[in-house]
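Labels below follow one simple rule: chain letters A, B, ... track the order of the sequence lines, proteins then strands, and each chain is numbered from 1.
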2 protein chains.
Amino acid sequence: MDSMIRQFYEIPGKVVALKAGEYLFHEGDNAKYFYFVRSGQIFITKFAESGRVLSLRLATRGSIIGELPLYEENPMYIFNAIAQSPSEVYAIEFPILHSYLEKKPSLAINLLKIIGMHMRKQHSKFRDLVLYGKKGAIYSTLIRFANSYGQEVDGGILITVPLTNQELANYSATARESLNRMLGELRRQNVIEMRDGLILIRDINFLKQEIQCENCGREICNIE
Amino acid sequence: MDSMIRQFYEIPGKVVALKAGEYLFHEGDNAKYFYFVRSGQIFITKFAESGRVLSLRLATRGSIIGELPLYEENPMYIFNAIAQSPSEVYAIEFPILHSYLEKKPSLAINLLKIIGMHMRKQHSKFRDLVLYGKKGAIYSTLIRFANSYGQEVDGGILITVPLTNQELANYSATARESLNRMLGELRRQNVIEMRDGLILIRDINFLKQEIQCENCGREICNIE
DNA sequence: GGGTGTAAGTGATAATAATCACACGGCTAA
DNA sequence: TTAGCCGTGTGATTATTATCACTTACACCC
């Protein structure tokens with residue numbers, strides 16, 4: 001993946017630094033820049049009029065952001081991007097990226113690969129949600145966080161990102177209370193455990209089994 | 001869109017003819033070819049172990065198929081492709097497409113545009129389902145079919161593809177009975193009407209309102 | 001014209017998930 | 001020290017959706 005990033009650095013652009021909680025862009029904003037993340041973590045979310053929030057990704061070093069409007073006639077961001085921790089992104093103007101993509105086929109192919117991967121992620125998330133309901137959405141979210149931000153420790157995989165129940169619920173399009181009950185149930189079954197505010201997954205295979213995981217690999221089954 | 005297709009024709013490949021009901025490929029098959037549709041309609045579906053079927057697209061002239069495994073190390077189709085009517089597709093071997101993409105940046109960029117559009121479609125479908133439940137899924141499916149296969153007639157928009165309740169249910173990840181009841185309700189509200197086996201949408205704005213349609217345009221809000 | 005098969009329609013019930021209401025604990029700022 | 005805030009946990013209730021078990025409608029075939 002790092003080789004893909006290096007290519008983007010050869011394109012003129014600027015570094016943008018974000019404080020925790022700061023917005024990189026809002027949905028509806030005019031889209032001028034394509035970004036990729038140098039450091040930190042960035043929430044990608046979408047608002048519903050009802051006040052609900054839908055969380056889609058937690059981008060990290062190497063993730064691309066704001067690529068969807070790249071070839072729109074009237075480009076607008078359709079999601080929000082908010083720094084979860086202090087972050088740095090590299091910003092490339094669309095027209096500049098366009099001209100580099102026209103000149104360097106290998107860059108276009110790399111972008112094709114990356115976007116193809118995003119497509120696969122999106123499809124597998126859709127599958128989990130649609131076929132296994134909220135349980136599918138929640139278990140799938142836990143597995144994806146484990147794959148992206150999990151750290152092997154004694155007793156299981158520790159998700160190193162602090163997440164409130166509400167945030168987790170946003171990722172699984174679930175009511176907080178429902179999520180809370182499901183986590184409680186998993187705790188009682190010794191599938192997960194809380195370790196000073198973080199989630200420790202003790203039995204990831206249980207989660208995978210329950211949603212008939214197709215073992216699509218960490219490249220796809222993640223939250224980045 | 002047609003200009004994009006023309007470019008693919010310059011790449012050596014073969015024409016494959018399919019009878020109605022015939023499979024172009026099954027999920028799990030080794031993926032060797034990238035396809036685009038010359039004529040006819042092709043269902044893109046996915047099976048769940050439980051026996052349920054999830055329908056994702058109904059591809060038509062100009063649609064690309066089987067693009068997802070293009071850059072996988074061990075390429076496999078993840079969906080089924082089944083001809084809904086007699087169809088012809090143009091098949092290009094992955095390695096050949098790879099070499100053309102490397103040589104012709106404009107081809108790679110066109111593919112980027114197409115896949116980017118697919119991504120947008122997928123996201124908007126996800127949104128509809130997740131934020132508005134089954135109603136969202138069903139209304140969204142109807143709107144998408146209207147955008148792809150609708151024909152303006154007196155009294156509304158006629159969806160020119162014959163679809164059983166079961167097939168419609170598969171597109172919205174709903175039980176047939178639930179779908180049936182919802183269609184009945186829409187009929188009672190004069191939002192839709194059956195016209196010799198086809199669905200006539202009399203009030204598409206009602207459907208759009210109910211799911212807080214963001215008017216993303218026919219390029220995105222379709223089922224192709 | 002009766003038999004068969006497939007799809008549509010519908011009632012009853014069960015399962016799933018959201019909503020409302022509130023208790024509790026921990027942290028922080030006055 | 002205490003009031004306020006935020007996040008968690010939970011019971012009770014309602015809303016949504018699936019499932020089961022049928023009936024009805026219609027086309028097709030012999």
Rounded interatomic separation in angstrom, taking [atom1] from [X] and [atom2] from [N]:
X: A/E185; N: D/dG11; atom1: CD; atom2: P; answer: 13 Å
X: B/K135; N: D/dT17; atom1: NZ; atom2: C1'; answer: 14 Å
X: A/R52; N: C/dA17; atom1: CZ; atom2: C1'; answer: 11 Å
X: A/M182; N: C/dA18; atom1: CE; atom2: P; answer: 8 Å
X: A/Q166; N: C/dT19; atom1: CD; atom2: P; answer: 11 Å
X: A/Y132; N: C/dT16; atom1: OH; atom2: P; answer: 14 Å
X: A/I199; N: D/dG7; atom1: CD1; atom2: P; answer: 15 Å
X: B/L183; N: C/dA7; atom1: CG; atom2: P; answer: 16 Å

In terms of ring plane angle, is the pair A/Y23 and A/H26 parallel, tilted or perpendicular, where the classes change at 30° and 60°?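 Judged by the thresholds at 30° and 60°, the geometry between A/Y23 and A/H26 is parallel.
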Decide whether a cation-pi geometry holds between A/K46 and A/F79; the criteria are a distance under 6.0 Å from NZ or CZ to the six-membered ring centre and an angle within 45° of the ring axis.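 Negative - A/K46 is either too far from the ring of A/F79 or too far off its axis.
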Strictly below 4.0 Å: does B/K134 bring a side-chain N or O up to OP1 or OP2 of D/dA18?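 Affirmative; the distance criterion is met.
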Distance test, side-chain N/O of B/N165 to OP1/OP2 of C/dA8, below 4.0 Å: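 Yes, such a contact exists.
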Residues B/K32, B/E93: salt bridge by 4.0 Å N-O rule: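 Not counted as a salt bridge, because no side-chain N and carboxylate O are separated by less than 4.0 Å.
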Could you tell me whether B/D154 and B/R195 have a side-chain N and a carboxylate O separated by less than 4.0 Å?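 Salt bridge flag = yes for B/R195 with B/D154.
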Side chain of B/A175: nearest nucleotide among C/dG9, D/dA18, D/dG9?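 Looking only at side-chain atoms, B/A175 lies closest to D/dA18.
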Pairs satisfying salt bridge (charged side-chain N to carboxylate O under 4.0 Å, His left out), at least one member in residues 118-133 of chain A, at least two apart: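 Sorted pair list: A/R120-B/E72, A/R127-A/E214, A/D128-A/R144.
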Is the distance between the ring centroids of A/F25 and A/Y33 under 6.0 Å?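 Ring-ring flag for A/F25/A/Y33: false, centres at least 6.0 Å apart.
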Reckon B/T164 touches a base, only the sugar-phosphate, or nothing at all at heavy-atom distances under 4.0 Å?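 Result for B/T164 = sugar-phosphate.
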For A/Y77, does its backbone N or O pair with a side-chain atom of A/D29 as donor and acceptor, under 3.5 Å?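 Not at all, since once roles are kept as given, no pair shorter than 3.5 Å links the two residues.
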Could you list the protein-to-nucleotides 10-14 of chain C atom pairs, N/O on both sides, closer than 3.5 Å?
from   : atom 1 : to     : atom 2 : distance (Å)
C/dG11 : N7     : B/R181 : NH1    : 3.1
C/dG11 : O6     : B/R181 : NH2    : 3.1
C/dA12 : N6     : B/R181 : NH2    : 3.3

